[in-house]
Amino acid sequence: MRIVRLIKNRRNGAMAGYDPRSIEKKWQEIWLGKKLFAAGDDPLRPKYYVLDMFPYPSGEGLHVGHPEGYTATDIVARYKRARGFNVLHPMGWDAFGLPAEQYAIKTNTHPSVLTRKNIDRFRTQLKSLGFSYDWDREVNTTDPAYYRWTQWIFTRIYETWFDDNLRKGRPIQELVDEFAGGKRPVPGGRPWAELSATERRRILADFRLAYEVEAPVNWCPALGTVLANEEVIDGKSEVGGFPVERRPMRQWMLRITAYAQRLLDGLDKLDWSDSLKLMQRNWIGRSEGAEVHFTVAGGNQRITVFTTRPDTLFGATYMVLAPEHPLVNLKAPDHIVPAAWPEGTLPEWRYKLSAENPRAALAAYQQWAAARSERQRQEDTAKTGVFSGAFALNPVRGEKIPIFISDYVLMGYGTGAIMAVPAHDRRDFDFARLFHLPIRRVVSSAAQKPDAGELPLEAPGYAVDSPWINGLPTAPAAGRMCDLLEARGLGRRRVNYKLRDWLFSRQRYWGEPFPLVHLEDGTTAALADAQLPLELPSLADFKPTGTMEPPLAKALAWRDVQVVLDGKPANPRARVVPAGTPGAAPARREVNTMPQWAGSCWYYLRYLDPHNDRAFCEKNNERRWMADPPGVDLYIGGVEHAVLHLLYSRFWHKVLFDLGLVSSDEPFRKLVNQGLILGEAEYTLFESEAGERVSCADVDPEWTTRTGPDDKPQIVSRHTATGAVVVGRWCDPTKVEKRGDAFVLTSNPAIRVDARSFKMSKSRGNVVNPDDVIARYGSDALRLFEMFLGPLEQVKPWSTAGVEGVYRFLQRLWRNLTGGEAAARVARRDAGGTWRCDSNVLNEAEAQAATHDFQTILRPMHRTIRKVTQDIERHAFNTAISTMMEFNNTLTRLTWIPEEAAQTLVRLLEPFAPHIAEEIYHRLAGAAAQVSISLLPWPEYDEALCTDEQLEIPVQINGKLSGRVTVAAGADEREVVQSALADAQVKARLAGRAPRKQIYVKDRMLNLVV
RNA sequence: GCCGGAGUGGCGGAACUGGCAGACGCGCUGGAUUCAAAAUCCAGUUCUCGCAAGAGAGUGUGGGUUCGAUUCCCUCCUCCGGCACCA
């Protein structure tokens, strides 16, 4: 019978081996053609917005890291659809940015051409993975129809000010009204009505969330642009690793600091990992303390400092100002630097012994400090400085203390000035030692002893030699000091943040132009909404100018315009008009462009209404996806965006929220960071240059790379003992074995070998291309493997053997459920209770076996549904896959596979491996099949069918496993103890001792204590 | 230096809320099939001792809490990540 069927099936050609290539493309086209994954809009269903961090479409194409997060979100999207949600699952391109521009310059191709090409490649690659995106909602940040709204949002930010009392952003017009109505004092003191339009615009400019300032910036000569603090790592550019210097420059800034506290507070209600929240908190860097006013001796200038340790004020023996501090700006009229060295100036205070007076010394030091790169400053923390020649008065002690200038004080933090308490601050201590300044102890680590604890003592203790607060522990002492300072008008409590305002302009071509013009009077005006988008001029020469001037400055015809100002004169909108238009005045467009982060600050909102040309997003669409529950329901992406993108977009979102343009005050309610995928594990064997093997135990763990004789990069390090250069070589894994906690050469166990996985990189040659994996194993195997590798959030090494493992699982599944090249074993019972396989009726013996198999599989099936469901909910995709593998293995052992079990398994598999699931579903269901398995509801499980009727309970004696007894599920303690005591093995172990105590955990274990 | 996170077989990893450590997959070993190989199927696989039945040890280290600890607490070690002259 079986043989006959086998022959028949073969002849029909219906059954064959698993061939991903033939099925994946087919289903991708069908899904796309039927728009199966268009975002649902059934008002009766709850919404679920599942978002990927959209990629930068690089020229390299997709990396295996991309499908990791994308598969995870796709699983959730498909699962949530099956659970009856309206699911929004979109994809787009973050396509402005440096790499495309760099490459464009190199190849002399316009970046828009490259960008289009790269996007096409990415789209094709993503489609080949079968992700269930709603492709009709694709966005592209470089499309004028998109950046029109980036510019539009920028103008809203520009026209917003932050009301410190209400702690929210408000339209600038409301500020104008407050000035005009006398509700708020006008800076400068003159009444609003008396001010000219220019004066009004100047005042408003200081309040706007987007403002221009001349400030020292991170200038990267190699990239030809300035960078945000967040884009500078170890004094080098994040992109490319080029050196960065500090230079003063006119720049656009966004006032993110106004939102510091709200960005901090908002974290509490977000479902993000603790580590990520911590990174954001650290970056915002809130610290509480006091600002204290010092006066300059013999002058009327006031120096305000910020300190977190006001309790140490009696120990302040000198002050330090940042080299850029306005009070030491020799060009400013009110600087504090005297013309001659005061009496008692030590030689070492003069910076250069040749300096004849403080002004010369200071100028020399300022010049030196300004030329020092950020990197040099961070690497060399030895203290340097110069005496300003001026003194200040310690406000509580009244004594004269010298004022120094040093670059260990940063202009960008606090007030750019500190009170130095060398006894209780490591940095001040080092400085005081070097410059022979007095060190005065004001904290003791013991309550009664006045001088306990070695200096510098930074830890909390008890105040000493501080008349106002003697004996008080540090925390209350600081509080008391604040009270007294406030009462005497010497200072006040203050909260300070490390976060700086966001440097928002770049001297590059490939970015959004600012929708602004500079007017003749030096003020700026936003472009009228109707004039957006302001498109990039198509510049034949978009190379950097070689100076600090941006490339757009070369587009003279574009830059120089005639404008008419509409609206209120204090806050006008500029309309570019043809020359000669009555009332037109000349103006210049802003020639900087926005940084890459601009487009990604709000793209998740554009997906909600991607084709709208009247609004960035229509209100109802926004509410449908972002209001209840608030924000994006699941956002997955790399941890490299922990502080940049995630802080910036939260900031923009809060501004939009304050302006009533969005309904949630946080954009991303739940966020998960997928872990990096490393290259395949490698063994590295070190050899001396003479070719002698060296144990890696004897090698300096700090490795470097150099170009080897064959022009390929090679790993080099040094022999710890001799210092000789050693070269790292790839080592065959089969020649290595584990000894203790290290790997050694099998042939010579004295030689230790280094074992680790490295980040994938072109130079190392360990990059895995998803296209190759798909060509060989199919995209279902790739998706499955990326999820099976380990927990989503963890860093994990790639393994080609592992891909084969999941590929074999898919083959076994295919053979099990379709029969493959053999006879099908899937049997179903029709309405009349007759078991059939294909069109054949099973004989009595076979039917009996099928019924038996059905009973055998019922409980494992329900357990599998439960486990897979729960695992998807908690994003434990690796264990969900294990469970399905186990269930498939269970099916393998059956003679007949009940169709219900088969259908359940493919339904559960569909979010993970949609193509094979779809194909098997259609083969099983035949003519009764729906358009797609994805339209079937998610299987339900019966909790009662998830446990076995008989359970094997482990019996411990004194916590040690000593036997097992089988009891009915739910048996009470007495029964279990009884059968345990009756068990031969337990009896033997008890050796006649009577249990003193017993602990029974229902259905889990029994512990007998003797 | 400061702040996080993690250490489980040869490898990736599993273990719900303190309850049978090592699921699942890879690799390896043996067997079946094959002229042979690939593929596939079956069995075994934490370590030590033992022919075996079995015994003992075991989740980075040392200690603690508990009837019971991979899980909770403390000490130390290693690795990974973030920040770093932030007053």
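We name chains A, B, ... by the order of the sequence lines, and we start the count at 1 in each one.
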K.L.:
Which nucleotide in the list C85(B), A57(B), C24(B) gets nearest to the side chain of Glu886(A)?
P.N.:
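Comparing C85(B), A57(B), C24(B) against the side chain of Glu886(A), the answer is C24(B).
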K.L.:
Please work out if Val795(A) contacts a base, only the sugar-phosphate, or nothing of the nucleic acid, heavy-atom cut-off 4.0 Å.
P.N.:
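If one applies the 4.0 Å heavy-atom cut-off, Val795(A) turns out to touch the sugar-phosphate alone, with no base involved.
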K.L.:
Establish, with yes or no, whether the OP1 or OP2 oxygen of C16(B) is under 4.0 angstrom from a side-chain nitrogen or oxygen of Gln870(A).
P.N.:
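For Gln870(A), the contact criterion (side-chain N or O under 4.0 Å from OP1 or OP2 of C16(B)) is not met.
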K.L.:
Give one of base, sugar-phosphate or nothing for Lys383(A), where a contact means two heavy atoms less than 4.0 Å apart.
P.N.:
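If one applies the 4.0 Å heavy-atom cut-off, Lys383(A) turns out to touch a base.
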K.L.:
Identify the nucleotide, in any strand shown, that forms a Watson-Crick or G-U wobble pair with G1(B), with both distances under 3.5 Å; if there is none, say none.
P.N.:
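Across all strands, the one nucleotide that pairs with G1(B) is C83(B).
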K.L.:
Taking atom P in both G64(B) and G9(B), what distance in whole Å separates the two?
P.N.:
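About 24 Å, rounded to a whole number of Å.
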K.L.:
Please answer whether the main-chain N or O of Tyr413(A) pairs with a side-chain N or O of Asn496(A) as donor and acceptor at a distance below 3.5 Å.
P.N.:
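Judged by distance alone, no pair lies under 3.5 Å.
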K.L.:
Under 4.0 Å, heavy atoms only, any strand: does Met885(A) hit a base, just the sugar-phosphate, or nothing?
P.N.:
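Sugar-phosphate contact only.
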K.L.:
Could you work out the separation of C24(B) and A14(B) based on their P atoms and round it to a whole Å?
P.N.:
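Roughly 14 Å separates the two P atoms.
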K.L.:
State whether Lys997(A) places a side-chain N or O below 4.0 Å from either non-bridging phosphate oxygen (OP1 or OP2) of C67(B).
P.N.:
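The answer is yes; a side-chain N or O of Lys997(A) sits under 4.0 Å from OP1 or OP2.
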K.L.:
Using a 4.0 Å heavy-atom cut-off across all strands, classify Asn889(A) as base, sugar-phosphate, or nothing.
P.N.:
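It contacts sugar-phosphate atoms only.
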K.L.:
Starting at CG of Asn282(A) and ending at P of G5(B), how long is that distance when rounded to a whole Å?
P.N.:
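To the nearest whole Å, that distance equals 12 Å.
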K.L.:
Mind checking Arg500(A) for me? I need base, sugar-phosphate or nothing, with any heavy atom below 4.0 Å counting as a touch.
P.N.:
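It contacts base atoms.
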K.L.:
Between His645(A) and His641(A), what is the ring plane arrangement, given parallel below 30°, perpendicular above 60°, and tilted in between?
P.N.:
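The rings of His645(A) and His641(A) stand perpendicular, inter-plane angle above 60°.
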K.L.:
Please pick, from G25(B), A55(B), G27(B), the nucleotide with the shortest atom-to-atom distance to any side-chain atom of Arg808(A).
P.N.:
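The nucleotide sitting nearest to the side chain is G27(B).
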K.L.:
So, the side chain of Asn878(A) versus the backbone of Met787(A): is there a donor-acceptor pair under 3.5 Å, distance only?
P.N.:
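Between the backbone of Met787(A) and the side chain of Asn878(A) there is no qualifying donor-acceptor contact (under 3.5 Å).
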K.L.:
Check the phosphate of C67(B) against Arg996(A), side-chain N and O only, distance under 4.0 Å to OP1 or OP2. Yes or no?
P.N.:
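No, Arg996(A) has no side-chain N/O under 4.0 Å of OP1/OP2 on C67(B).
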K.L.:
Calculate the interatomic distance between Arg989(A) atom CZ and G54(B) atom C1'; express it in whole Å.
P.N.:
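After rounding, the reported distance stands at 10 Å.
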K.L.:
My understanding is that a pair needs two contacts under 3.5 Å, Watson-Crick or G-U wobble. By that rule, which nucleotide pairs with C72(B)?
P.N.:
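Paired with G64(B).
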K.L.:
If we take the C1' atom in both U48(B) and C41(B), what is their distance in whole Å?
P.N.:
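Comparing C1' positions in U48(B) and C41(B) gives a spacing of 33 Å.
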K.L.:
Assess whether salt bridge (charged side-chain N to carboxylate O under 4.0 Å, His left out) is satisfied between Arg372(A) and Asp407(A), documenting all intermediate values.
P.N.:
CA-CA 10 Å; Arg372(A) 205 147 91 115; Asp407(A) 71 349; 3.1 Å; yes
K.L.:
Is the phosphate of A57(B) approached by Lys960(A) (side-chain N or O, under 4.0 Å from OP1 or OP2)?
P.N.:
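Affirmative; the distance criterion is met.
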K.L.:
How about Phe785(A) and Tyr807(A): are their ring centres within less than 6.0 Å of each other?
P.N.:
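For Phe785(A) and Tyr807(A), the ring centres are not under 6.0 Å apart.
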K.L.:
With P as the reference atom in both, quote the distance from G60(B) to A6(B) in angstrom, rounded to an integer.
P.N.:
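Here G60(B) and A6(B) have their P atoms 13 Å from each other.
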K.L.:
Which way is the base of G9(B) turned, syn or anti, if we draw the line at 90° from 0?
P.N.:
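That one's syn.
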K.L.:
Look at all strands and tell whether Arg426(A) reaches a base, only sugar-phosphate, or nothing, counting heavy atoms closer than 4.0 Å.
P.N.:
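Nothing, no nucleic acid heavy atom in range.
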K.L.:
The side chain of Met279(A) lies closest to which of these nucleotides: C24(B), C85(B), G82(B)?
P.N.:
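Per side-chain heavy atoms of Met279(A), the pick is G82(B).
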K.L.:
Taking atom P in both A57(B) and G62(B), what distance in whole Å separates the two?
P.N.:
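Pairwise P distance, A57(B) against G62(B), rounds to 15 Å.
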K.L.:
What integer distance in Å separates Lys759(A):NZ from C80(B):C1'?
P.N.:
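Result: 13 Å.
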K.L.:
Quick check, are the ring centers of Phe788(A) and Phe877(A) under 6.0 angstrom apart?
P.N.:
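Phe788(A) vs Phe877(A): aromatic centres not under 6.0 Å.
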K.L.:
Partner lookup for A32(B), please. Criteria are Watson-Crick or G-U wobble with both distances under 3.5 angstrom; report none if nothing qualifies.
P.N.:
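Here A32(B) is engaged in a pair, and the nucleotide opposite it is U40(B).
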K.L.:
5'-most contact on RNA chain B: Asn878(A) or Arg372(A), nearest heavy atom basis?
P.N.:
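Result: Asn878(A).
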K.L.:
Between Arg309(A) (side chain) and Glu458(A) (backbone), is there a donor-acceptor pair under 3.5 Å?
P.N.:
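At least one qualifying donor-acceptor pair exists.
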K.L.:
What does Leu789(A) touch in the nucleic acid at a heavy-atom separation under 4.0 angstrom: a base, only the sugar-phosphate, or nothing?
P.N.:
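Sugar-phosphate, backbone atoms only, no base.
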K.L.:
Do side-chain atoms of Arg825(A) reach the backbone of Leu894(A) as a donor and acceptor pair under 3.5 angstrom?
P.N.:
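Checking the backbone N and O of Leu894(A) against the side chain of Arg825(A), a donor-acceptor pair under 3.5 Å is found.
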K.L.:
Looking at every strand, decide which applies to Gln956(A) at a 4.0 Å heavy-atom threshold: base, sugar-phosphate, or nothing.
P.N.:
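Base: the residue Gln956(A), judged by heavy atoms under 4.0 Å, touches a nucleobase.
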K.L.:
Strictly by Watson-Crick or wobble contacts shorter than 3.5 Å, is anything paired with A55(B), and which nucleotide is it?
P.N.:
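The base-pairing partner of A55(B), which may sit in any strand shown, is U48(B).
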K.L.:
Taking atom P in both A87(B) and U71(B), what distance in whole Å separates the two?
P.N.:
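That atom pair is separated by 36 Å.
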K.L.:
Rounding to a whole Å, what distance do you find between Arg815(A):CZ and U40(B):P?
P.N.:
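From Arg815(A) CZ to U40(B) P: 7 Å.
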K.L.:
Using a 4.0 Å heavy-atom cut-off across all strands, classify Val1001(A) as base, sugar-phosphate, or nothing.
P.N.:
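Base contact - Val1001(A) has a heavy atom under 4.0 Å of at least one base atom.
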K.L.:
Tell which nucleotide pairs with C11(B), taking only Watson-Crick or G-U wobble pairs whose two distances are both under 3.5 angstrom.
P.N.:
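Across any shown strand, C11(B) pairs with G25(B).
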K.L.:
If you look at every strand shown and take non-hydrogen atoms under 4.0 Å, does Ser287(A) touch a base, only sugar-phosphate, or nothing?
P.N.:
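Here Ser287(A) touches the backbone only, sparing every base.
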K.L.:
Using a 4.0 Å heavy-atom cut-off across all strands, classify Ile999(A) as base, sugar-phosphate, or nothing.
P.N.:
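The answer is base, as Ile999(A) lies within the cut-off (heavy atoms under 4.0 Å) of a base atom.
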K.L.:
Please answer whether the main-chain N or O of Cys946(A) pairs with a side-chain N or O of Arg863(A) as donor and acceptor at a distance below 3.5 Å.
P.N.:
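Checked: pair present.
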K.L.:
Would you indicate what Glu952(A) reaches in the nucleic acid, counting non-hydrogen atoms under 4.0 angstrom: base, sugar-phosphate, or nothing?
P.N.:
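If one applies the 4.0 Å heavy-atom cut-off, Glu952(A) turns out to touch a base.
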K.L.:
So what's A6(B) paired with, Watson-Crick or G-U wobble, going by both distances under 3.5 Å?
P.N.:
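The base-pairing partner of A6(B), which may sit in any strand shown, is U78(B).
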K.L.:
Looking at every heavy atom in both Met411(A) and His325(A), which two are closest together, and how far apart are they?
P.N.:
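Nearest pair, atom of Met411(A) first, then His325(A): SD-CA, 3.6 Å.
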K.L.:
Considering every strand and a 4.0 Å limit on heavy-atom distances, what is the contact class for Thr307(A): base, sugar-phosphate, or nothing?
P.N.:
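Since only primed, P, OP1 and OP2 atoms lie under 4.0 Å of Thr307(A), the category is sugar-phosphate.
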K.L.:
Ignoring hydrogens and angles, are the base of C16(B) and the side chain of Arg1004(A) linked by a donor-acceptor pair under 3.5 Å?
P.N.:
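Yes, the side chain and the base share a sub-3.5 Å donor-acceptor pair.
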K.L.:
Just compare C24(B), C67(B), C11(B) and give me whichever is closest to any side-chain atom of Val1009(A).
P.N.:
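Comparing C24(B), C67(B), C11(B) against the side chain of Val1009(A), the answer is C67(B).
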K.L.:
On RNA chain B, nearest-nucleotide positions of Pro791(A) versus Asn1007(A): which is more 5'?
P.N.:
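It is Pro791(A), whose closest nucleotide lies nearer the 5' terminus.
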K.L.:
Mind checking if Arg756(A) touches a base, just sugar-phosphate, or nothing, with heavy atoms under 4.0 Å?
P.N.:
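Nothing: the residue Arg756(A), judged by heavy atoms under 4.0 Å, touches no strand.
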K.L.:
From the set G19(B), C85(B), A87(B), return the single nucleotide nearest to any side-chain atom of Asp407(A).
P.N.:
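Output: C85(B).
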K.L.:
Atom NZ of Lys796(A) and atom P of C24(B): how far apart are they, to the nearest Å?
P.N.:
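Rounding to the nearest Å, NZ of Lys796(A) and P of C24(B) are 21 Å apart.
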K.L.:
Which whole number of Å gives the distance between the P atom of G19(B) and that of A69(B)?
P.N.:
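It works out to 11 Å between them.
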K.L.:
When the distance from CG of Leu676(A) to P of G5(B) is rounded to whole Å, what number comes out?
P.N.:
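Distance check: Leu676(A) CG to G5(B) P gives 20 Å.
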K.L.:
Rounded to whole angstrom, note down the P distance from C73(B) over to G4(B).
P.N.:
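Those two atoms are separated by 14 Å.
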K.L.:
Counting only Watson-Crick pairs (N1-N3 plus N6-O4 or O6-N4) and G-U wobbles (N1-O2, O6-N3), all under 3.5 Å, who is the partner of C20(B)?
P.N.:
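Across any shown strand, C20(B) pairs with none.
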K.L.:
Which nucleotide in the set C85(B), C24(B), C26(B) lies at the smallest distance from any side-chain heavy atom of Gln378(A)?
P.N.:
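The nucleotide sitting nearest to the side chain is C85(B).
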